[in-house]
Structures are given as structure tokens and as C-alpha cells.
Amino acid sequence: MSDLHEPLLRWYDEHARELPWRGPQASAWSVMVSEYMLQQTPVARVLPVHEQWLERWPTPAALAAEPTGEAIRMWGRLGYPRRALRLHAAATAIVERHGGEVPADAEDLRALPGVGDYTAAAVAVFAFGRRHAVLDTNVRRVLARADDGVELPPANVTKPERERATALLPEDDAEAATWSIALMELGALVCTAARPRCGACPVADLCAWRAAGHPAYDGPPRRGQAWAGTDRQCRGRLLAVVREADGPVRASTLARTWDEADQRTRCLAGLVEDGLLVRDGEGYSLP
DNA sequence: GACCCGTGGCC
DNA sequence: TGGCCAAGGGT
């Protein structure tokens, strides 16, 4: 493969978005919070919640001192509210195991609740300048296209993908960090999943997928996310009602937000089981 | 590896 | 209009 580094780094220098969790002024905690919120959630929706979150809880200790229900409420409509629970649990673990400081070591990060391979690498690289391959959906798509000549990467990260991404890292730590975020930014802004803007791509002339004439994806079918009538929709609606309420919400009130009684009961039990709701004599509340 | 977990914008 | 998609992680 031809060398993507120079044109990509030059492009990033010119086109990078200014985001509150980027740059030398951002704390490691700010970076970590952003990474939790950005899991499957677009930047535009994360921005306002991230700002409120950091204002209220500027440190892991500040968050850990609050009930989990406060985190669920502040999470608002970002989706996947268990992430709020995991972020709270991670803050608690950071206080207990790391003296209240976000750990810089990827292995320590990986051990925190809600931190997988991607998030551990992202925090280590973006907050601490460590040298790791950062394999998110953007990076994987860019490399699949530029390098492999296919439209989309496999469903799950493969060993060859990880080895290649590691081999592409510049030797210098700081340059490797910039390279990783530049690759992500290109995927987010130019080499998008739908309607890629190849005319604006700094490495278009090096791209194997473009050279092959943009062949359509021909891998195994990708499962869509069912929504209407699912437990996820039911859970979301039930939790939204409690989240917006001041006090406990009676079961009879919740019954009006979802018709099917069996599904409603099952979902309420699941929400309690997950720690997203608590039930007392008055009804359902945030924990 | 399959499946589950929210929410909303886009074309 | 509705399927697709968004800086994944847990089980």
C-alpha cells in the first residue's frame, strides 16, 4: 500500500473539528466521558450532554459521590442508559483503585466497567498520548476501503485488521496519536458509510476501493436493528417516563405508556434487574 | 458468535 | 417511508 500518512495528517491539520474533549486543555476524565457517550451515539447529540456532565461532575470522585439515578437522569436521551450506569461504576472503581485519577495504562482502563478494546485504546491514546491502534468503526471502514478495496469491514474486528492497524502506527507516540484520530476523523467526515465524499478525500488516489470502481458490499448480510414493538422500545419508553418524573411513578401510570401488559411487566422487571429502576411502595423511581 | 441494549437524523 | 447508521460493550 502506498503511504497514507502524509496526506492524511495534512488533511487532519486543516479539517479537524474542534471538540471539547480534544486538545491539551481537555482532562482525561473529559476524554473518558466523551468515549462512553460516543459509543453508538453521534457527536452532535453528545455535545450538550457532555458539557453539562463535566460541569456538574468535573472529576470521577464527584460522580462517584452521587446516586446512580442522577447519572441516569443526566444521561437524558443519549440512548443505551446502561452506559450511564457503567460510567458511574467506572468512576467508583477509579476512586477505589486509582486514587481518583483516570488510569493511563490501557490494561487498567480495559478492566473498568463499560470499557472494551476500543475505549481502552481511545482513552490511552487521546488522553495520555500512548501508542495503541484505535480500531473503531470509522478506522476499520477507511482501512477496508483504502487497503482491501472493499466497501465495508467484517462484522467483528479480526486479527489481521488489528495487526495491520498496529503496523501502520507511526513510531513516535505523539504522531501515532494524531494519526489515529486523523484516521477516525476521515471516516467520520469524508469516508462515510453512506455516500462517501471521495472528491474531498486526501487519499483518494491511493484508495483500492475507488480504484476498483467502488464495488458494492458483497459480504454476509448485516442484521438490521428491529425497533417497533421490541423490548428496547418498551424499556426506553418506560424509563423515559420515570426519568422525566419528579417522584415515584405508579404502575398504573406506566400502564398507559405501553399497552401489552406481559411485555411491560417483563421490561419493568428487566429495568429493575439492570439497576436502571427501583420499585417501592409508591411505584418506580430512579435508583 | 449471536444476540441484546436506545435514540434520532438522514436520504 | 423506512431501512440504515452512529467514536461499542456485555453476556
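All chains are named by letter (A, B, ...) in the order of the sequence lines, taking the proteins before the strands, and each is independently numbered beginning at 1.
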For A/Y284 and A/V272: C-alpha separation, side-chain torsions, deciding distance, then whether side chain to side chain contact (heavy atoms under 4.5 Å, CB included) applies.
CA-CA 9 Å; A/Y284 293 88; A/V272 171; 4.0 Å; yes
For DNA chain C, determine which residues of residues 222-241 of chain A have any heavy atom closer than 4.0 angstrom to one of its atoms, and list them numerically.
A/Q225
With sugar-phosphate meaning primed atoms plus P, OP1 and OP2, does [X] contact a base, only sugar-phosphate, or nothing at under 4.0 Å between heavy atoms?
X      : answer
A/T137 : sugar-phosphate
A/S34  : nothing
A/W21  : base
A/G79  : base
A/R17  : base
A/V115 : sugar-phosphate
A/R141 : sugar-phosphate
A/L19  : base
A/A122 : nothing

Check every atom of B/dT7, B/dC5, C/dA7 against the side chain of A/R77 and return the nucleotide holding the closest atom.
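Ranking B/dT7, B/dC5, C/dA7 by closest atom to the A/R77 side chain puts B/dT7 first.
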Report the nucleotide, chosen from C/dG8, C/dG10, B/dC5, that has the shortest atom-to-atom distance to any side-chain atom of A/R86.
C/dG10
Please test A/Q39 against A/Y80 for side chain to side chain contact (heavy atoms under 4.5 Å, CB included), starting from the C-alpha separation and ending with a verdict.
CA-CA 9 Å; A/Q39 290 169 2; A/Y80 291 146; over 6 Å; no
Among A/R110, A/H132, A/M32, A/R130, find the residue that satisfies the side chain to side chain contact (heavy atoms under 4.5 Å, CB included) test when tested with A/V123.
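Only one of A/R110, A/H132, A/M32, A/R130 forms a side chain to side chain contact (heavy atoms under 4.5 Å, CB included) with A/V123, namely A/M32.
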[atom1] atoms of [N] and [M], separation to the nearest Å:
N     : M      : atom1 : value
C/dG9 : B/dG9  : P     : 25 Å
B/dG8 : C/dT1  : C1'   : 16 Å
C/dA7 : B/dC11 : P     : 15 Å

Whole Å only: how far is the [atom1] atom of [X] from the [atom2] atom of [N]?
X      : N      : atom1 : atom2 : result
A/L271 : B/dC4  : CG    : C1'   : 13 Å
A/Y118 : C/dG10 : OH    : P     : 14 Å
A/R83  : C/dG10 : CZ    : P     : 12 Å
A/N156 : C/dG10 : CG    : P     : 14 Å
A/R195 : C/dC4  : CZ    : P     : 16 Å
A/D274 : B/dG6  : CG    : P     : 7 Å
A/R243 : B/dT7  : CZ    : P     : 6 Å
A/Y217 : C/dC4  : OH    : P     : 12 Å

Could A/R140 and A/Y118 be counted as a cation-pi pair, given that NZ or CZ must be under 6.0 Å from the ring centre and within 45° of the axis?
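Output no; distance or angle outside limits.
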Report yes if at least one side-chain N or O of [X] is closer than 4.0 Å to OP1 or OP2 of [N]; otherwise report no.
X     : N     : result
A/T41 : B/dT7 : no
A/R45 : C/dA7 : no
A/Q39 : C/dA7 : no

Between A/H50 and A/L54, is any pair of side-chain heavy atoms under 4.5 Å apart?
yes
For residues A/L183 and A/V134, determine if any side-chain heavy atom of one lies less than 4.5 Å from a side-chain heavy atom of the other.
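Not touching, per the 4.5 Å side-chain cut-off.
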Nearest-0.5 Å distance, NE2 of residue A/H88 to CD of residue A/E66:
7.5 Å
With distance as the sole test, does A/R83 use its side chain to make a donor-acceptor pair with the main-chain N or O of A/L78 at under 3.5 Å?
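The answer is yes, because a donor-acceptor pair under 3.5 Å joins these two groups.
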Position toward the 5' end of DNA chain C (nearest nucleotide), A/R110 or A/E185
A/E185
I'd like to check the side chain to side chain contact (heavy atoms under 4.5 Å, CB included) partners of A/R10; sequence neighbours left out, ordered by chain and number.
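A/R10 satisfies side chain to side chain contact (heavy atoms under 4.5 Å, CB included) with A/E6 once adjacent residues are dropped.
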